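Worksheet: the structure to be examined is printed underneath.
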Amino acid sequence: MTTSPRQVELRYDAVAIDRKWQALWDQDGLHRVDNDDPRPKWYEMTMYPYPSGDLHIGHWYAMAPADCHARFRRMQGYNVLHPIGFDAFGLPAENAAISRGIHPYTWTMSNIENMRRQLRSLGAIYDWDREIVCCAPEYYRWNQWFFLKFYERGLAYRNKAPVVWCPSCQTVLANEQVLNGNCERCGSEITRRDLEQWFFRITEYTDRLLDFSGLQDWPDKILNMQTNWIGRSEGVEISFDIAPSNIDEKEIRTFTTRIDTIFGVTFIVLAPEHPLVSQLTTDDKQEDVEAYINRARQTSEIDRMSTEGEKTGVFIGSYAINRLNGERVPVYIGDYVLMTYGTSAVMGVPAHDARDFVFAKKYGLPVRTVVAPIEWNGGELSEAYLGEGFMTNSARYEGMTNEEGKVAIALDIEKNGWGKRTVSFRIRDWLISRQRYWGTPIPMVYCQACGIVPVPEEDLPVLLPPDADFKPTGESPLAANAEFVNTTCPRCHDPAKRETDTMDTFMDSSWYMMRYLSPDYDQAPVDPSVGKRWLPVDQYTGGAEHAVMHLLYSRFFIKALKDIGFIDFDEPFLRLFNQGVILGQDHEKMSKSRGNVVNPDEVVNHLGADAVRCFLMFIGPWDQGGPWSEVGMNGMARWLNRVWDMVARDPSEINEARAVPETKREIMRLLHQTIRKCHNDLDRFKFNTAIAALMELTNGLNRVWADGGIDSDTWRESIEKFLLMLAPIAPHVTEEMWELTGHTYSIHQQLFPTWDDGLAADEMITLVVQVNGKVRDKLEVPADIEEGAARELALASPKVQSFTEGKSIFKSVYVPGRLVNLVVR
RNA sequence: GCCGGGAUGGCGGAAUGGUAGACGCGGCGGACUUAAAAUCCGCUGGCCUCACGGCUGUGUGGGUUCGAGUCCCUCUCCCGGCACCA
């Protein structure tokens, strides 16, 4: 059983030091960022938090290292903007209103108030004059403005789309309000409903979103996720004739990536919602089909998943004709065909598609092999064959490889006008409508005479009315507010009704990087001259959970704005770094139910912000996350104590007479090696190894202090540079020590130390001597030793000789500065 | 199922194809102390050995190489994402 660890006490008053310097920095505007500063700009953004009420250790983990990196850039001589704001619209505020009767505005703003205080305790370089809160009309006004621009440009359109619906609460549910197919509030089974909603045409940008060439350094993982999310597949759209053709439509269009298997088609499956279904359903099948469609509509996604692999469907009575061979095949509907992908209709090729195979077996449909598996004996397949092979049962394409067949068939189909090569995408247009109160009102008006009319730009913002009924009614809460809903048409001035849905909060985050630049500017979302100075963002950091939604939407937004002519850059965030997740002491995800949640305020109030910052950065690589540890925290406090003692030593106590030139050289070497390592590591977010290097320097300096041999100038220089390196990591205590060592305020206005490779170079190295790749001896030799000399020393080693004795050396490998490997037989 | 990432001491982790385990935690021993804490010093992957030293060791099995934690192939497990995408 683990007992609560003994707590290390700091030998300095960290809390007082935090307060002292935070107040002073504030007072002096040390972190105020001047747009006209002549230094090169560096715009480093961290994902803004949702104002949930409390800053937890996860926020610290995201923000403290990010701040360290931004500070490091500042010490490299950049004019650094590292702003902060609040993602203030969204569902939790509305839930609080429903469950506790607090107005979302009140709830949100009081949370922000508290989080501001907590965020200040980080000691980050946030310029609070630039803070943004996107539930403010001054902010969301520009959401509406962008919406209107997109609408003008044809990028915003209205269409029917299904929403998740709770029949008992009579309300629309967000996906996160659905638990195992049931309403999280009342537990009843959810259904779907079609509503007219607003979309952005992100699908028009798929090719440009797949082009990552404008990005400088994004994790491959994120690029991969975005690529998969967009889901581009090349294939062929091929039409089948409908028989009998006594209806308006003459054909069923299908999409396939395997046109080489067209001769293996033995049925057609339409999505249950496919528009041709009612016309193609014969009278005798009417009842079955209707029953199936109703069942499909009610089946939640979770339920569909629970019947894993199962394929259901129903024959609708009609047949389609394969134009390549004139064959007549039955038409089914089945819910494994999605309304939202391709043409919502598939050609069933059971021999070469796993789903079609299962379907065919279930309904007794024929399976015809048209791509011969290797060593196929012509017999029946036990599962779909998805591999390569030679075409068979395929008329004039017989004997081609299926890859050749793909091309040949596609060309012939195009020649005959039966279809065309095309590309399908998984991604859908961005649905921005939310049937919610706490969001940006969509600036649209519905007029009986004029139809859909945009609110004129000069009438923005369309204000979110403060009084609304948040209780679930089945419509957006705004619909119940007559004063809001009833308006006049901007065009004909007759009575009209406002759009009552609000916008997705990803709208806010799509362009917030612009608003930090001129948060009070009222002529446009961003003051153009300031935007020109700062945009795009050089470095963005945040959690990987936003890999596809936020980061893709924002990229789309920026590209669309470029097309509109509003900006002249193409990507919002040039570099991206994703931090990992901080875990509880038990190595599990932090959660209230597990009781492993760490309250940062408590630790900060005891050991100060710097100890927490240092520890979070020391746990491990930032992108991997890692477990919180109280004992680990103790270790960090212990190191800071040793740092404090070391810096507090009086260099005039040094006995200069005992100074040894060799010691000075050694310390300078260690110092310059540390600067080089620290610089390179901080640059690449490798905080853990940067801190380890600083610990080694501490150990080295403590040793020479104890052993003697150092001169006071070297000591002073080492301490000074050590503090500068530690400054971005532990800003408060270094500022205090900077003052105590007689330097002028502020350490944070100094440049990061530079190193000299010559001084950092080792004079002596450990030459490893291997025999047949195994280490047999280690020799201290001059770093610039030549191969011949190294080999001679190696051969002279008695340890080595005992392994080479009686054998002949037929090869020797020399790696300069590292090793000699003798290969013997 | 598909895509991506990972697996190194008791723990977190470090290691441009070249000394595996830096740094820290924990543990053990010692100094200081009436004592404990704190602090300081030393040791700390496993096995064998009084010792010198040797053998072995980075999830599994193979391969490439003078040399593999690192590169290639196989498998197992873990984490993240997507999920009937035709």
Side-chain angles (χ1 to χ4, degrees), chain A residues 2 5-9 11 219-225 227-229 231-233 235 254-258 261 269 271 301 304-305 307-311 334-338 340-349 352-356 358-359 424-427 544-545 547-548 578 580-581 583 587 615 618-621 623-636 638-639 641-642 645 686 688-696 698-699 702 706 765-778 799 802 810-815 817-824:
Chain A
T2 53
R6 301 179 295 253
Q7 285 208 323
V8 172
E9 293 301 325
R11 289 201 280 277
D220 288 342
K221 177 186 167 174
I222 304 292
L223 302 185
N224 181 56
M225 279 166 78
T227 303
N228 291 343
W229 186 264
R232 181 181 199 278
S233 14
T254 68
F255 173 76
T256 179
T257 56
R258 291 296 305 275
T261 65
V269 189
E301 278 166 40
R304 282 199 201 183
M305 268 188 267
T307 53
E308 185 141 10
E310 203 196 338
K311 303 282 171 285
D335 67 4
Y336 81 94
V337 177
L338 306 176
T340 53
Y341 186 77
T343 58
S344 323
V346 303
M347 53 183 225
V349 186
H352 305 291
D353 181 281
R355 295 151 301 178
D356 295 346
V358 173
F359 191 83
S424 276
F425 294 93
R426 198 197 81 99
I427 193 174
E545 67 273 18
V548 279
N578 295 119
V581 178
L583 305 171
H587 295 213
F615 178 67
F618 188 64
I619 292 174
D623 54 349
Q624 279 174 40
W628 175 262
S629 158
E630 270 180 58
V631 287
M633 204 48 233
N634 270 345
M636 195 46 73
R638 210 173 284 151
W639 178 57
N641 272 339
R642 285 193 292 134
D645 289 348
K686 298 180 80 175
N688 57 328
T689 46
I691 292 173
L694 289 175
M695 286 174 169
E696 286 185 74
T698 315
N699 294 344
N702 277 335
I765 52 135
T766 306
L767 182 75
V768 171
V769 183
Q770 298 181 335
V771 178
N772 288 348
K774 289 194 184 229
V775 180
R776 294 305 178 189
D777 202 2
K778 297 171 189 178
K799 287 180 189 168
S802 71
F810 74 94
K811 185 172 178 180
S812 111
V813 180
Y814 178 62
V815 182
R818 288 215 176 259
L819 63 73
V820 172
N821 186 13
L822 304 170
V823 186
V824 302

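In this text the structure is predicted, and so the values were computed from the model without any measurement. By convention in this document, chain letters (A, B, ...) are assigned in the order of the sequence lines, proteins followed by strands, and residues within each chain are numbered from 1.
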(request) Determine: side-chain N/O of Lys774(A) to OP1/OP2 of U56(B), distance under 4.0 Å, yes or no. (result) yes

(request) Check whether any side-chain heavy atom of Val813(A) sits under 4.5 Å from a side-chain heavy atom of Gln770(A), and report yes or no. (result) no

(message) Less than 4.5 Å apart, side chain to side chain, heavy atoms only: is that true for Ile619(A) and Gln624(A)?
(response) no

(message) What contact category does Val813(A) fall into here, base, sugar-phosphate, or nothing, at under 4.0 angstrom with non-hydrogen atoms?
(response) base

(message) For a quick check of understanding: with a heavy-atom distance under 4.0 Å over all strands, which category does Val346(A) fall into, base, sugar-phosphate or nothing?
(response) base

(request) Could you tell me which nucleotide pairs with A31(B) by Watson-Crick or G-U wobble geometry, both distances under 3.5 Å, or answer none if nothing does? (result) U39(B)

(request) Map Gly773(A) and Ile691(A) onto RNA chain B by nearest heavy atom, then report which one ends up closer to the 5' terminus. (result) Ile691(A)

(request) Respond yes when some side-chain nitrogen or oxygen of Asn688(A) is under 4.0 Å from OP1 or OP2 of A14(B), and no when none is. (result) yes

(message) If the cut-off is 4.0 Å, is Asn224(A) near the phosphate of G80(B), judged by side-chain N/O to OP1 or OP2?
(response) no

(message) What contact category does Lys221(A) fall into here, base, sugar-phosphate, or nothing, at under 4.0 angstrom with non-hydrogen atoms?
(response) sugar-phosphate

(message) Can you identify which nucleotide, out of U39(B), A86(B), C66(B), has its nearest atom closest to the Arg638(A) side chain?
(response) U39(B)

(request) Verify side-chain contact (heavy atoms from CB on, under 4.5 Å) between Arg642(A) and Asn699(A), making sure each step is shown before the conclusion. (result) CA-CA 9 Å; Arg642(A) 285 193 292 134; Asn699(A) 294 344; 2.9 Å; yes

(request) Output the single nucleotide from C85(B), U39(B), G13(B) whose closest atom is nearest the side chain of Val8(A). (result) U39(B)

(request) Return the 5'-most residue of the pair Arg258(A), Phe618(A) with respect to RNA chain B, ranking by each residue's nearest nucleotide. (result) Phe618(A)

(request) Hunt down the Watson-Crick or G-U wobble partner of C2(B), both distances under 3.5 Å, from any strand shown, or write none. (result) G81(B)

(request) Measure the CD-CZ distance between Glu310(A) and Arg355(A) for me, rounded to the nearest 0.5 Å. (result) 15.5 Å

(message) With syn defined as a glycosidic angle within 90° of 0 and anti as the rest, where does G9(B) land?
(response) syn

(request) Please state whether the base of G18(B) and the side chain of Gln770(A) form at least one donor-acceptor pair under 3.5 Å? (result) yes

(request) Look at all strands and tell whether Asn821(A) reaches a base, only sugar-phosphate, or nothing, counting heavy atoms closer than 4.0 Å. (result) base

(message) Only pairs with both distances under 3.5 Å count, Watson-Crick or wobble alike; so what is the partner of U70(B) in this structure?
(response) none

(request) Give a yes/no answer on whether the side chain of Arg642(A) brings an N or O atom under 4.0 Å of OP1 or OP2 in G24(B). (result) yes

(message) Can you tell me how the ring of Phe359(A) sits relative to the ring of Tyr336(A), calling it parallel under 30°, perpendicular over 60° and tilted otherwise?
(response) tilted

(message) With heavy-atom distances below 4.5 Å as the criterion, would you say the side chains of Val769(A) and Arg776(A) are in contact?
(response) no

(request) Could you work out which one of G18(B), C55(B), G13(B) sits closest to the side chain of Pro621(A)? (result) G13(B)

(request) Quick one: label Ile619(A) by what it contacts on the DNA or RNA (base, sugar-phosphate, nothing), any heavy atom closer than 4.0 Å. (result) sugar-phosphate

(message) Considering every strand and a 4.0 Å limit on heavy-atom distances, what is the contact class for Arg232(A): base, sugar-phosphate, or nothing?
(response) nothing

(request) Could you tell me the separation between the CD atom of Glu630(A) and the P atom of G12(B), rounded to a whole number of Å? (result) 17 Å

(request) Would you classify Trp229(A) as touching base, sugar-phosphate or nothing, given that sugar-phosphate means primed atoms plus P, OP1 and OP2, and contacts are heavy atoms under 4.0 Å? (result) sugar-phosphate

(request) Look at the side-chain N and O atoms of Lys686(A) and state whether any lies under 4.0 Å from the OP1 or OP2 oxygen of A15(B). (result) yes

(message) Using the side-chain heavy atoms of Asp335(A), tell me which of these nucleotides is nearest: C84(B), C3(B), A86(B).
(response) C84(B)

(message) Please tell me if Arg426(A) has a side-chain N or O lying less than 4.0 Å from either OP1 or OP2 of C82(B).
(response) no

(message) Suppose we define a pair by two distances each less than 3.5 Å, Watson-Crick or G-U wobble; what does U60(B) pair with here?
(response) none

(request) Using a cut-off of strictly less than 4.0 Å, decide whether Thr689(A) has a side-chain nitrogen or oxygen near OP1 or OP2 of A22(B). (result) no

(message) Side chain of Tyr336(A), heavy atoms from C-beta onward: which of C84(B), C23(B), G12(B) has the nearest atom to it?
(response) C84(B)

(message) Taking only side-chain N and O atoms of Arg818(A), does any of them lie within less than 4.0 angstrom of OP1 or OP2 on A15(B)?
(response) no

(request) Tell me the partner of C25(B), counting only Watson-Crick (N1-N3 plus N6-O4 or O6-N4) or G-U wobble (N1-O2 and O6-N3) with both under 3.5 Å; none if nothing fits. (result) G10(B)

(request) Scan Thr766(A) against the nucleic acid and name what it touches under 4.0 Å (heavy atoms): base, sugar-phosphate only, or nothing. (result) base

(message) Regarding Gly635(A), tell me which of base, sugar-phosphate or nothing describes its non-hydrogen contacts under 4.0 Å with the strands shown.
(response) sugar-phosphate

(message) Please report the distance separating the C1' of U58(B) from the corresponding atom of G69(B), rounded so that it comes out in whole Å.
(response) 5 Å

(message) Does Asn699(A) reach a base, just sugar-phosphate, or nothing at all? Heavy atoms under 4.0 Å.
(response) sugar-phosphate

(request) Determine the interatomic distance between P on G17(B) and the same-named atom on G6(B); round to the nearest Å. (result) 14 Å

(message) Would you measure the distance from the P atom in C71(B) across to the matching atom in A15(B) and give it in whole Å?
(response) 14 Å

(request) Could you check which of A22(B), A86(B), G53(B) has an atom nearest any side-chain atom of Lys799(A)? (result) G53(B)

(request) Look at Lys778(A) and U19(B) and indicate whether a side-chain polar atom (N or O) is within less than 4.0 Å of OP1 or OP2. (result) no

(request) Would you mind reporting whether Met636(A) and Met695(A) have side-chain heavy atoms less than 4.5 Å apart? (result) yes

(request) Apply side-chain contact (heavy atoms from CB on, under 4.5 Å) to the pair Arg258(A) and Asp353(A), showing each step before the final yes or no. (result) CA-CA 9 Å; Arg258(A) 291 296 305 275; Asp353(A) 181 281; over 6 Å; no

